[in-house]
Every structure is written in C-alpha cells, then in structure tokens.
Enquirer: 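One structure coming up, written as structure tokens, with questions to follow.
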Amino acid sequence: MSRELNTSEPNMGEPPRLGFCCTFIPDPDPSHKTLKAAKDAAKLMNLGTVTMAHLERLGPAARFEKLEGVVRHNLAALERQIAWVSGRPPLERLLRMASSVLPGYTHPVAQPLYAQAPMRSLIETGLSRVGERARAGEVRLSMHPGPFCIIASRNPNAQANGIAELEYHAEVMAMLGYGAGWHPHGAHVNIHIGGREPGIEGFRESLSLISESARNLLTVENDESLFGLDAVLRLGDRVPVVLDLHHHWVESRGEYIEPDDPRIRAVIASWRGVRPVSHISVSRETLLPEHDPDALPDFPALSDQGHSWRDLAAHSDLMWNRAVNALVARHLAWSDFEIEAKGKNQASVPLAARIGRDLSRAAA
DNA sequence: CGGCGTCAAGTTTTC
DNA sequence: GAAAACTTGACGCCG
C-alpha cells in the first residue's frame, strides 16, 4: 500500500513525523533541587497568558506593559520550543503550537493594544524569526483553536467570535510565513464542526465567510459524538480531514480503523497532495490499571464493565498501550501524528524512539 | 506560601 | 441545573 501512497504530489514525499501538543514538560533533572526550580524550567519553555479581567483593571500604560511582557515571553518560549523540537530526530519534528501566543487578540480589551505600532512590530519581527527557525529546522507546525472557535452556529454572535478566532490563528500562521498557498509546509489550523445545528452544511456555507488564507490553512477533525469520520468526510472536497483515531474509537463504540480502509483513501484525498496529520490518544491508565498493554482496549467490553463514555474518552498521561502504538506505526505510512497525551513530550519521545527503532529495523 | 475562586468565548452530555 | 469535556494557567485574596 505504500506504493499507492507514494504520489508525485509535493508533500506526500515528506518523511513521517509525530509530536506533542502545546506544552513542554522538562525531564526530571537532579539540578532542579526544588519543585520551584522545576516549575521555573517549565515556565521558560512554555507560553503564558494574562486574563482580560486583569488587563482591564490596569491603567493604560501598565496595561500595555503587561501585555507586551507576556507577548515577549511567548515569542521567546515558542522559539525555544521550536529549537528543542528541531534538535530532535526527524521523526519528532512536528509541534502543535499553543493558541495563547497573543492572548486576547480578538478581545475588545486587548485589541487596541495589539493595534499599536510598537506591539505590531514586536510581533511581526518575532513571529517571522520563529517561522524561519521552524523551516530551517524542518519542524511541521499546526494550531488547534479551542472549542469556542466554531465557524457555524445558530447564534450569530458566537459565529462572529468564532470566525474572528479562526482569523487570528490564520494571522499568526501568516506572520510565521505560512500565509500563502494550500497548507504550506503542511501547516494547518484545525477545528471541529461544533454544534448539531447548522452542522456540516452550515460549516460548508461558512467557508465563504472566512479569508482565503484561513481557508487555505483550515482542517476539520472528527469528534467523539456528533460529527464522526463519515460526517466530516462530507467536507473532504473543500477541507482536509484530520482523523482522530481515539475519537473515532469512541464515536464508533470500538472500531480501530486500519490504513487499508477506504475511508483512509478519502482522508488522504481531502488533503490534496499535502501529507495528512492525524491525532492519537488512549484512555487513561488510571481508568484501566489492570489492562493488558499488548491488547487493544475493547470499547463494548469496557462499557459493559461500567466505564462511562466520557471516562473512556479522557486522555492518558503516557502512550501505555503497545497495541495502539503499533496501530500508529502502521498509519505513519500515510500520516503524521499529534500525540494527545497529558504527558506531552514525556509521552511522544518514548513513542517515537520505539517506532523509530522498528522503522530502521524494518529498513535493514 | 498554599488553597480557593475567578477569569473571553460554545455546545453537548452526564451526574 | 451544575460540572465536565475539548486548548490551560494566571491572578488576587484569604488564612
């Protein structure tokens, strides 16, 4: 099947990648004598934020300074994350960036601050530098706005806010250097459909309300309840589909989809020549302490044992299930992966090490 | 300094 | 009817 996937389209020839999402967790380090030292180390590597309520309580000058300080920190932290990822083996050169780079970008309290020239130039210079660094280090980048980012809603205000939020993510991508063309360098901004109404058809109609650069970066992900893989594939002619294998397992009440499934071909086609990205996670290890790590979790059986739908949907700390990891390794033939584990890099690095070892053994 | 409540935002499901 | 689930900390206040 790898022959069939080896298309002549530009990005399909890219090597496989997998990575963690948003937050870097430093290794336990003996030089961190105290909990505080470990926290400080994490702080350096991760993005921060500021609440709009706090900003609003400050006077004009302090308000600007506070936000500028957070933005400065975030640009530097993002650059450190990307530098770290680019220093990893090629298999690990993928990162989902946190949405909080520019906190409150679409909020009325912060908006006027972002409009000021010194802030603009700080951001443009910083993001352009970060983007260059990502491309030089061959790090594939994505963003995943929160659940508030819906582009089709029955509530016109919610829809307007959601579209503004999507445009914010697209602007960040543009300032990073991913502002033109179809998912340039595999970059993307991934969202869900959102509410039951207006659903898939409302989403399709809303595509005409967003900018071309946002449309060029947009992807849509199957969710665990309302809009499963078949539903989002109905948008595949316009929007690339991000396949979340764990959501699919929950939504289908236990199906593990394999690379030779016809629906995988439809997912690949939706990306139109760009190498797809998929998501993986697994139910919490604390929920299944006795579970055989070499057996795929069985949804109907676990459900019968009294585990609720919601508990099974929650994410584990680490990629503890070797059968699920083997499934990821098979899907890496056609897709990159974002590892949605609470342990972040502490989960993705060992997973990549095991998969990388298996890949090189298979090649030998 | 630790604990707790609050903080921009939407929608659904479950207790 | 409140809380939890998706991205998660930051901040002020109280003891």
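Note that the coordinates shown come from a computational prediction; the quantities given were computed from them, not determined experimentally. Per chain, numbering begins at 1; letters A, B, ... match sequence-line order. Heavy atoms only: backbone and side chains are in, while hydrogens, waters and symmetry mates are out.
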Enquirer: Given the P atoms of C:dC11 and B:dA8, what is the spacing between them in whole Å?
Expert: 12 Å
Enquirer: Tabulated below should be each protein N or O lying under 3.5 Å from an N or O of nucleotides 2-6 of chain B; please produce it.
Expert:
none

Enquirer: Taking B:dG2 as the reference, what is the distance to C:dC6 when you measure between their C1' atoms (whole Å, please)?
Expert: 29 Å
Enquirer: Of all nucleotides in DNA chain C with an atom under 4.0 Å from a non-hydrogen atom of chain A, which is the first and which the last going 5' to 3'?
Expert: C:dA4 to C:dG12
Enquirer: Between C:dT8 and B:dC1, how far is it from one P atom to the other, in whole Å?
Expert: 27 Å
Enquirer: Flag the pair A:Tyr178 / A:His185 as yes when their ring centroid distance falls below 6.0 Å, and as no otherwise.
Expert: yes
Enquirer: Centroid-to-centroid, A:His192 to A:His144, below 6.0 Å?
Expert: yes
Enquirer: Closest nucleotide of DNA chain C for A:Thr23 versus for A:Arg57: which of these residues is on the 5' side?
Expert: A:Thr23
Enquirer: Base, sugar-phosphate alone, or nothing: which one does A:Leu226 contact when heavy atoms must sit under 4.0 Å apart?
Expert: sugar-phosphate
Enquirer: What distance, rounded to whole Å, do you find between the two P atoms, one in B:dC7 and one in C:dG1?
Expert: 22 Å
Enquirer: Here's a test of your reading of the structure: between A:Thr49 and A:Ala314, which maps to the more 5' nucleotide of DNA chain C?
Expert: A:Ala314
Enquirer: Can you tell me how far P in C:dA2 sits from the matching atom in B:dT6, rounded to whole Å?
Expert: 13 Å
Enquirer: Going by atom types only, do A:Gln81 and A:Asn46 share a side-chain donor-acceptor pair under 3.5 Å?
Expert: yes
Enquirer: Verify the distance criterion only: is there a donor paired with an acceptor across the side chains of A:Ser211 and A:Glu167 at less than 3.5 Å?
Expert: yes
Enquirer: What residues, two or more places apart in sequence or in another chain, satisfy ring-ring contact (aromatic ring centres under 6.0 Å, His included) together with A:Phe64?
Expert: none
Enquirer: In whole angstrom, give the distance that lies between atom NE2 of A:His192 and atom C1' of B:dT13.
Expert: 16 Å
Enquirer: Quick test of your reading of the model: are A:Arg93 and A:Glu138 salt-bridged, counting only N-O distances below 4.0 Å?
Expert: yes
Enquirer: Tell me, which stems hold DNA chain B, with a stem being 3 or more Watson-Crick or G-U pairs in a row and both distances under 3.5 Å?
Expert: B:1-7 with C:9-15, B:10-15 with C:1-6
Enquirer: Just call it for A:His107: base, sugar-phosphate, or nothing, with non-hydrogen atoms closer than 4.0 Å on any strand.
Expert: base
Enquirer: Looking for any heavy atom pair under 4.0 Å, which part of the strands does A:Ser225 touch: base, sugar-phosphate only, or nothing?
Expert: nothing
Enquirer: For the pair made of CD in A:Glu197 and C1' in B:dT12, what is the distance, rounded to whole Å?
Expert: 13 Å
Enquirer: Let's go through A:Asp223 and A:Ser225 carefully: what are the C-alpha distance in whole Å and the side-chain angles of both, what is the deciding distance for side-chain contact (heavy atoms from CB on, under 4.5 Å) to 0.1 Å, and is it a yes or a no?
Expert: CA-CA 6 Å; A:Asp223 66 43; A:Ser225 58; 4.0 Å; yes
Enquirer: Of the residues in residues 149-166 of chain A, which ones touch DNA chain B at a heavy-atom distance under 4.0 Å?
Expert: A:Ile150, A:Ser153, A:Ala158, A:Glu165
Enquirer: Using a 4.5 Å cut-off on heavy atoms from C-beta on, say whether the side chain of A:Arg140 contacts that of A:Asp336.
Expert: yes
Enquirer: Would you kindly check whether a donor in the side chain of A:Arg310 faces an acceptor in the base of B:dT13, or vice versa, at under 3.5 angstrom?
Expert: yes
Enquirer: For a quick check of understanding: with a heavy-atom distance under 4.0 Å over all strands, which category does A:Gly195 fall into, base, sugar-phosphate or nothing?
Expert: sugar-phosphate
Enquirer: Under 4.0 angstrom, heavy atoms only, what part of the nucleic acid is A:Thr106 near: base, sugar-phosphate, or nothing?
Expert: base
Enquirer: For the residue pair A:Trp271 and A:His188, is the inter-centroid distance of their aromatic rings smaller than 6.0 Å?
Expert: yes
Enquirer: For residues A:Arg238 and A:Arg215, determine if any side-chain heavy atom of one lies less than 4.5 Å from a side-chain heavy atom of the other.
Expert: yes
Enquirer: If we take the C1' atom in both B:dA9 and C:dA5, what is their distance in whole Å?
Expert: 15 Å
Enquirer: Check the geometry between A:Phe148 and B:dG10 and answer yes if their rings are stacked (centres below 5.5 Å, planes below 30°), otherwise no.
Expert: no
Enquirer: Would you please classify the geometry between the A:Phe299 ring and the A:Trp249 ring as parallel, tilted or perpendicular, with 30° and 60° separating the classes?
Expert: perpendicular
Enquirer: Evaluate the side-chain proximity of A:Arg72 to A:Leu122: yes if any heavy-atom separation is below 4.5 Å, no if none is.
Expert: yes
Enquirer: With rounding to the nearest 0.5 Å, note down the distance linking OH in A:Tyr114 to OG1 in A:Thr106.
Expert: 9.5 Å
Enquirer: Cation-pi check for A:Trp182 against A:Arg272: NZ or CZ below 6.0 Å from the six-membered ring centre and within 45 degrees of the axis, yes or no?
Expert: yes
Enquirer: Quick one: which residue pairs count as a ring-ring contact (aromatic ring centres under 6.0 Å, His included) with a foot in residues 152-174 of chain A, not counting sequence neighbours?
Expert: A:Tyr105-A:Tyr168
